[in-house]
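Only heavy atoms go into these numbers, but all of them, side chains included; no hydrogens, no water, no symmetry mates. Sequence positions, counted from 1, serve as the residue numbers for this chain.
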Amino acid sequence: METITSGFERAVEELSQVAKRLDEAEISAFMDAIIKAKRVFLIGVGREGLSTRAFTMRLMHLGKEAHWIWDDTTPSIGPGDLLIATSGSGSIGHIDYVHDQAVAAGAATIVVTGDPSGTTAQKAKQRLFLPAAVFKGKADVVPSTQPMGNLFEQALLILFDQIVIALAERMQVDRETMVGRHRNVE
């Protein structure tokens, strides 16, 4: 039986293999799209949705107007806006529907995925491929001994955190400014 410590070390090694396969040009284009966007709308489901929601919060801390699609206070999307849809398998029905509605409203779209051949991923104007094992994915990715989409979800959170750090530098937003935008009613 594997120990918790050895399982942790194996997960970190899997994450390291994902990092080695990331495409820096795709990541840079992803960041450019965020900087260019008037407003950023984000959607994801399940555990990958939790990573995406955390990213939404950090974009707000950077000073971007950012909205989580499922919030009741989310405004309508339109031209000049960007939809970032996280879809591990690239084919999740309601994410596909939201993507299509955003395109119809004139917004730009990016799908962050572990399977670029998925339905929504194929339709998106831009993709960010995260080559980690994902639930129901079929692409050539780093395999995992962890269940379902664990590796993708973990890598997504770390990738989004690293993107926030790089965006802060590009946008010249210091830590104190980010802290000042943090919710102060908790």
Practice task
Measure the acute angle between the ring planes of Trp70 and His94, then classify it against the limits of 30° and 60° as parallel, tilted or perpendicular.
Solution key: tilted

Handout entry: Any donor-acceptor N or O pair under 3.5 Å, side chains His67, Glu65
Key = yes

Practice task
For the residue pair Thr86 and Arg53, confirm or rule out a side-chain donor-acceptor distance under 3.5 Å.
Solution key: no

Problem - Test ring pair (Phe, Tyr, Trp, His ring centres under 6.0 Å) applied to Phe129 - qualifying residues, sequence neighbours left out - result: none

Fill in the blank from the handout: Sorted by chain and residue number, the salt bridge (charged side-chain N to carboxylate O under 4.0 Å, His left out) partners of Asp23 (sequence neighbours excluded) come out as none

Problem - Rounded distance [0.5 Å steps], CD1 in Ile165 versus CZ in Arg175 - result: 8.0 Å

Problem - Atom pair CG (Asp161) and CZ (Phe55), whose distance is rounded to the nearest 0.5 Å - result: 9.0 Å

Practice task
Tell me yes or no: between the side chains of Gln126 and Glu26, is some donor less than 3.5 Å from an acceptor?
Solution key: no

Practice task
Evaluate the salt bridge (charged side-chain N to carboxylate O under 4.0 Å, His left out) criterion for residues Lys138 and Asp115: first the C-alpha distance (whole Å), next the side-chain angles of each, then the deciding distance (0.1 Å), finally the verdict.
Solution key: CA-CA 6 Å; Lys138 299 175 181 91; Asp115 191 346; 5.5 Å; no

Fill in the blank from the handout: salt bridge (charged side-chain N to carboxylate O under 4.0 Å, His left out) pairs touching residues 85-108, sequence neighbours excluded, are Asp96-Lys123, Asp100-Lys123

Practice task
Check whether the side chains of Thr145 and Glu14 place a donor and an acceptor atom closer than 3.5 Å, and report yes or no.
Solution key: yes

Handout entry: Ile95 CD1 to Thr119 OG1 distance, which is reported to the nearest 0.5 Å
Key = 12.0 Å

Practice task
Report yes or no: do Asp174 and Thr177 form a side-chain donor-acceptor pair below 3.5 Å?
Solution key: yes

Exercise for the section: Using only heavy-atom distances, determine whether the side chains of His99 and Thr120 contain a donor-acceptor pair under 3.5 Å. Expected result: no

Exercise for the section: Kindly check if the number of other-residue, nucleotide or ligand heavy atoms within 6.0 Å of NZ (Lys38) is above 12? Expected result: yes

